[in-house]
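Working notes for the structure below.
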Amino acid sequence: MANTSDNSGKILLILISKGVTDRKQATEQARAFQLFEAKGIPCTTVDGMDPAQRERRNELFAISGIRANYPQFFFVGKDGGETTFIGTWDMIEGLNETGQLDSFMEGVSASS
């Protein structure tokens, strides 16, 4: 999958759950953070278990159409603009395995 949109200035947001008990989801969260750190791709998180972030979590669930499945990946537009669902870990892993992740994430910036 090639990324045809301009990601310049967009923020990579990862919906996680620090209290996730599902081993597969916990492993996928850890692998995502390791992958992005190794590639130098900045990201920010929303913890689905944090009561203070519940409203944002529910917004993200509505955007993705997927509930209680972590991690989920989103792009947030410049200056808090539109939030777009990218996919789940399977999609990110697939991009990485096919050598397309770097170009897909090109232009992503750190949160302000």
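Excluded from the calculations below are hydrogen atoms, water molecules and symmetry mates; all remaining heavy atoms, backbone and side chain alike, are included.
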Q.
Quick check for you: to the nearest 0.5 Å, what is the distance between Ile41 atom CD1 and Ser109 atom OG?
A.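 Separation between the atoms: 12.5 Å.
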Q | Rounded distance (nearest 0.5 Å) linking atom CE of Met91 with atom CG of Asn96 | A |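 Those atoms lie 12.0 Å apart.
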Contact between [X] and [Y] at the side-chain level, heavy atoms closer than 4.5 Å - yes or no?
| X | Y | value |
| --- | --- | --- |
| Trp89 | Arg31 | yes |
| Glu106 | Val108 | no |
| Thr45 | Leu13 | no |
| Pro71 | Glu28 | yes |
| Ser17 | Gln29 | yes |
| Leu60 | Val46 | yes |

Q.
For Ser64, give me all partners under side-chain hydrogen bond (donor to acceptor under 3.5 Å, both in side chains), at least two apart in sequence or on another chain.
A.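 With neighbours one apart ignored, the set is Gln72.
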Q) Centroid-to-centroid, Phe75 to Phe104, below 6.0 Å? A) yes
Which atom names give the shortest non-hydrogen contact between [X] and [Y], and what distance separates them?
| X | Y | answer |
| --- | --- | --- |
| Met49 | Gly19 | CG-N, 3.7 Å |
| Phe36 | Ile92 | CZ-CG2, 3.9 Å |
| Val76 | Arg56 | CG2-NH2, 3.9 Å |

Q: May I ask you to check whether over 12 heavy atoms, not counting those of Glu59, lie within 6.0 Å of atom CD?
A: yes
Q.
Donor-acceptor pair, distance only, cut-off 3.5 Å: does the side chain of Gln53 make one with the backbone of Asp47?
A.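 Judged by distance alone, yes, a pair lies under 3.5 Å.
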Q: Give a yes or no answer on whether the side chain of Gln25 reaches the backbone of Tyr70 with a donor-acceptor pair at less than 3.5 Å.
A: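 Between the backbone of Tyr70 and the side chain of Gln25 there is a qualifying donor-acceptor contact (under 3.5 Å).
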(Q) Would a single hydrophobic cluster contain both Ile14 and Leu95, if residues Ile, Leu, Val, Met, Phe, Trp and Tyr are joined by side-chain heavy-atom contacts under 4.5 Å? (A)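 Looking at the clustering, Ile14 is in the same group as Leu95.
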Q: Tell me whether Ile11 is reachable from Phe74 by hopping between hydrophobic residues (I, L, V, M, F, W, Y) whose side-chain heavy atoms are closer than 4.5 Å.
A: yes
Q | Step-by-step salt bridge (Lys or Arg N to Asp or Glu O under 4.0 Å) determination, Lys39 to Asp102 | A | CA-CA 8 Å; Lys39 291 189 166 287; Asp102 291 337; 3.2 Å; yes
